[in-house]
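In what follows, chains carry the letters A, B, and so on, assigned in the order in which the sequence lines appear, proteins first and then strands, with residues in each chain numbered from 1. All heavy atoms count here, side chains included; hydrogens, waters and symmetry mates do not. Here the structure is a predicted model, which means the values were calculated and not measured.
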Amino acid sequence: MSDVENKERSAVQAVVAGGMGGDAVHYDVIDAIRRGEGVEPTVHGEMAEVDSVIQTDDFKLWYGVAQAIHGISMDVPRGAVTALIGPSGCGKSTLLRSINRMNDLVDGVRVEGGITLNGAAVYEPTVDVIELRKRLGMVFQKPNPFPMSIFENVVYPLRIDGERRKSVLQDACERSLKSAAIWDEVKDRLKESALGLSGGQQQRLCIARAVVADPEVLLLDEPCSALDPVATIRIEELITEISERYTVLIVTHNMQQAARVSDYTAFMYLGRLVEYGPTGAMFQNPKLIETAHYVSGRFG
Amino acid sequence: MSDQVNQHATKRRTLPSAVGEPMVWLTGSALVLCLGMIAVLLVLVVSNGLRTFWPGDIDRMTLEGGEQVMGIRVAEDSEGRYLYRVGNRDIGQESFRWIDGEAIVEIEQPDDAVMLERESWGVWFGMPESISVLNDEGELHKVTDGSGETLDAFGEMHAAARIRRAQGEAMRKRELGKINRGIEAARLAISEAELGVDQRASASDRLGWVSWALVLASVVFAGLVWWVKRDAGVGIGAAGVRVGKMTRFGCAVVVIFGGIGLWVGGPWKTVGVTGETRDGVIAASAMEQERLQVEYERVLGEIRAGEDVDSRERFVVVEPTTGRFAPIAQTRGDEPMMLSQVVRLVQANRLGFFGKVKVFGGRWWEFVSTGPREANTEGGVYPVIVGTVLLTLLLTVFVTPLGVIAALYLREYAVQGFGTSVIRVAVNNLAGVPSIVYGVFGLGFFCYTVGRYVDTGPVAGSALSSGVWWGLFGLAVVTAIGSFGCSLWGKPDPGHPPSVVHRVLSKLSWLGWGVTVVLLVMVVARTPYFMGFFGARAAEGSPTFGARGLLWASLTLALLTLPVVIVATEEAIAAVPNSMREGSFGCGASKWQTIRRIVLPGAMPGILTGAILAMARGAGEVAPLMLVGAVKLNMDLPVSTTAPFLHADRSFMHLGFHIYDLGFQSPDSQAARPMVWTTTLLFLLIVFALNLAAIMIRAKLRGRTTGAAI
Ligand SMILES: Nc1ncnc2c1ncn2[C@@H]1O[C@H](COP(=O)(O)OP(=O)(O)OP(=O)(O)O)[C@@H](O)[C@H]1O
Ligand SMILES: [Mg+2]
């Protein structure tokens with residue numbers, strides 16, 4: 001399905017929807033997905049031009065017999081923030097965890113199609129999964145600081161690389177705590193347990209931990225879902241700030257957040273990519289009525 | 001409206017089972033019952049245990065027939081009979097005696113009545129009469145006369161005599177012991193040299209220079225390959241991850257096994273003991289033996305001289321029934337005892353409260369700091385405490401790492417499924433195996449199989465010929481590398497379920513590991529190159545490790561308590577939140593790094609709980625110990641100041657076994673009964689102290705690993 005066709009169809013739908021009133025909208029794409037039919041994603045033209053760091057190619061994933069991802073092909077642009085949105089259970093976390101192969105830890109996972117990082121296939125027996133994860137920093141939905149001191153938490157990725165030099169560790173710790181905007185709050189209590197921090201501080205600590213070893217890509221899975229608005233704002237600022245240095249892929253349920261922090265947005269539904277494009281276009285001028293309604297909270 | 005509501009309310013009934021009170025009472029009383037029984041146990045043990053050492057008053061009774069009896073009342077029954085401890089066993093009476101209350105004509109508590117605790121033959125009740133000194137002609141001269149004077153002089157003279165005796169004993173133990181060990185070593189050296197000649201393998205049995213050089217070359221080559229290929233297949237997109245791993249593993253195995261082979265089969269070892277060197281060794285040892293023998297006589301002479309002085313001071317204490325004094329020995333009733341044979345004199349009727357407390361404290365101190373006397377019914381339990389504590393510590397040291405590693409594999413590495421469930425059930429069932437079964441196993445396997453192997457090497461005739469041995473050795477290398485390869489290629493590709501080939505390969509790898517282990521066991525058990533570490537002594541019929549001892553006992557108990565540790569550790573590991581593991585993996589940590597840095601520290605309090613439970617279980621276990629190492633009496637502590645400091649081969653004394661021995665094996669069960677209580681109390685205290693120490697360590701660790709909640 002081409003962009004033009006798509007646009008036409010959604011325009012028609014919009015007219016129909018407008019004519020029949022809000023309640024009786026027909027979501028063609030989503031209905032098709034619900035019926036289990038394959039649907040070509042609506043990908044904005046701008047996406048073809050970007051330099052991508054991660055590419056998924058018709059990626060499918062099964063948990064046992066249940067398929068969670070039904071062939072997603074998308075390119076994640078280098079040096080930008082890309083948001084994954086979609087209703088609960090649509091496979092955002094699964095997709096994110098497939099990139100750094102965290103799904104290897106789940107029994108009975110099967111994949112088809114491929115994911116590449118800088119052109120190198122991720123799902124290959126030749127890939128050292130540890131090396132892969134070192135290149136992809138990950139922050140989870142629930143803050144998960146380790147039960148150790150704040151300092152040890154931050155330098156954990158360096159420690160497992162065998163770094164022992166005190167000065168290197170201290171420098172790295174300070175640098176990443178600063179880039180996670182938490183340095184001022186914890187600089188006097190680096191030796192204290194990280195479990196004594198507040199939830200928001202813990203999440204920023206996890207971000208500091210994720211960036212300390214200079215990963216290429218930062219994978220954030222709903223990093224603010226457990227936080228209050230103030231902490232959320234801080235983390236959003238932080239994401240904007242660090243996106244200058246890293247590629248960020250963020251899963252979020254918060255549309256404002258997606259609009260504020262991301263450069264590109266992908267809308268997923270039931271394991272399929274529905275629409276993918278620059279955030280501005282996705283929020284102000286989406287090609288599908290589903291997207292329009294989802295980002296404005298009228299459906300989902 | 002309100003009518004409707006009321007109607008509705010009347011329709012619903014409240015069942016009796018919905019009323020909470022009965023359950024509160026039921027559960028509450030069950031708890032009270034449990035606590036009550038434990039409290040009764042504690043009260044019983046504590047009160048009886050504490051009473052033993054409290055000095056009672058000494059009664060002197062005149063019975064109806066005119067007979068006089070002296071003793072301390074310890075119990076009475078409902079028929080008005082009293083149980084008296086009357087001691088004086090060496091003049092032929094029972095040391096405890098029931099006396100009918102009605103038969104007693106008169107009871108008095110004379111001030112001068114004393115109770116003597118003696119080195120042998122239990123206590124003696126009587127009235128002190130004199131302290132005498134034996135002159136050269138063998139006649140006794142009174143130094144003091146009459147009880148008052150005697151008691152006044154006793155304190156100082158007794159203290160001096162005791163010190164003299166202690167010095168003599170210390171010399172016997174230390175210096176004579178040292179000389180004895182020297183003589184023994186020289187004797188062993190001789191018999192070893194004699195054995196050595198015909199035991200050494202001939203030159204052809206060992207690797208010759210050519211094969212040795214070949215093995216060395218392959219070791220060096222493998223080392224080089226390892227170095228060159230150390231980065232092969234590491235990194236994203238790098239080809240040949242499996243081949244790289246395989247190469248490194250193979251090289252490591254070749255280097256390690258080759259190294260062992262070189263060490264075992266080095267041709268320089270073919271030099272056996274020649275006749276000449278043997279004769280030299282024998283001559284030197286014989287000379288050393290002679291020199292030590294002279295030294296022995298000299299020291300013995302010194303000790304004897306001290307003992308001679310000692311034997312001159314005599315203490316005459318007369319008992320009222322027959323008017324006889326406490327004899328120097330049961331067979332020499334006509335000679336009064338030596339002053340130094342008195343351990344403690346208690347003039348019970350003259351003691352005030354604090355005096356009694358002092359005696360009480362003194363007796364406790366003696367109890368925990370000296371060895372037992374008199375078939376364990378008198379004296380202390382110092383070696384017993386040392387044995388118990390050592391055993392408990394050793395078993396904990398053995399069982400904890402073993403159990404933790406097993407649980408780690410079961411929970412973190414093994415694929416959860418039917419196999420792991422079966423293993424879990426089996427482990428839990430192991431906890432239910434009667435402990436005596438472990439004792440039988442320990443005796444048969446540890447003492448008689450492993451221990452004998454350590455002593456003398458493979459059983460005569462079972463050693464393989466060197467050709468077969470090297471063949472098996474090489475085969476083990478091949479199967480190890482092969483099974484590693486199978487397990488590498490048996491792992492499914494990422495994101496794909498295992499195919500049939502993968503399944504077959506991983507099964508093969510298990511099989512291969514099994515074969516490797518069997519081969520290794522055979523290679524070790526039937527090696528022609530190992531003659532045992534203590535062959536000479538074993539040949540004389542006194543095995544070192546091939547008999548019951550501390551090491552085997554603690555290993556047996558470790559096996560017995562293994563399920564406790566495994567179960568506790570598994571639970572603790574399972575309680576570490578998965579988000580921690582994910583966080584660690586997300587940082588690029590390997591499985592082992594995650595386990596070491598996240599899982600183990602998080603599970604540490606739980607693991608320590610397991611260790612504590614195991615320790616408590618092991619400390620209280622007696623049945624298997626009877627088979628694998630606890631003995632009635634062994635004053636040689638398993639620890640000493642001479643190398644190797646911890647003598648794990650020695651048999652030891654154990655409080656649990658000691659209690660059993662006191663209660664059921666004692667020749668004088670009445671005398672032993674109070675000691676049973678006291679020993680029980682002490683046992684409880686020690687187990688309690690050990691647990692408390694462990695709990696404190698755990699609390700400290702817990703404080704370090706966890707912080708305040710959010
Ligand atoms: N470990 C698992 N085993 C089996 N099914 C799983 C597992 N994890 C996720 N799923 C299923 O895969 C689908 C996608 O789940 P996923 O967690 O990726 O959704 P999500 O988009 O992240 O949802 P949310 O926004 O609620 O986090 C869901 O249907 C879920 O039930
Ligand atoms: Mg999710």
Which residues in [range] have a heavy atom less than 4.5 Å from any heavy atom of chain A?
range	answer
residues 411-428 of chain B	none
residues 582-594 of chain B	Glu582(B), Gly583(B), Ser584(B), Phe585(B), Gly586(B), Cys587(B), Gly588(B), Ala589(B), Ser590(B), Gln593(B), Thr594(B)
residues 484-493 of chain B	Asp493(B)

Of all the residues in residues 94-101 of chain A, which have a heavy atom that comes within less than 4.5 Å of a heavy atom in chain B? Arg97(A), Arg101(A)
I'd like to know which of Pro497(B), Pro494(B), Pro498(B) tops the heavy-atom pair count under 4.5 Å against chain A.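 Ranked by contacts with chain A, first place is Pro494(B).
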Steps toward side chain to side chain contact (heavy atoms under 4.5 Å, CB included) verdict (Leu430(B), Leu562(B)): CA-CA 9 Å; Leu430(B) 271 187; Leu562(B) 197 58; 5.9 Å; no
Taking side chain as everything from C-beta outward and backbone as N, CA, C, O, which of these in [X] sits under 4.5 Å from a heavy atom of chain B? Side chain, backbone, both or neither.
X	value
Phe140(A)	side chain
Ile130(A)	both
Tyr156(A)	side chain
Leu136(A)	backbone
Pro145(A)	backbone

Flag this pair as yes if the NZ/CZ of Arg209(A) is under 6.0 angstrom from the six-membered ring centre of Phe146(A) and inside a 45 degree cone about the axis; otherwise no. yes
Measure from NZ or CZ of Arg110(A) to the centre of the six-membered ring of Trp62(A) and say whether it is under 6.0 Å with the direction within 45° of the ring axis. yes
Once you round to the nearest 0.5 Å, how far does [atom1] of [X] lie from [atom2] of [Y]?
X	Y	atom1	atom2	value
Cys173(A)	Lys166(A)	SG	NZ	10.0 Å
Leu692(B)	Ile697(B)	CG	CD1	10.5 Å
Ile250(A)	Thr82(A)	CD1	OG1	10.5 Å

Between the side chains of [Y] and [X], is the shortest nitrogen-to-carboxylate-oxygen separation below 4.0 Å, so that they form an ion pair?
X	Y	answer
Arg597(B)	Glu152(A)	no
Asp161(A)	Lys134(A)	yes
Glu174(A)	Lys178(A)	yes

Could you tell me if Gln55(A) and Ser52(A) have a donor-acceptor pair between their side chains, going purely by distance under 3.5 Å?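 Side chains of Ser52(A) and Gln55(A): pair found under 3.5 Å.
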Side chain proximity check, Trp183(A) to Leu190(A), heavy atoms < 4.5 angstrom: yes
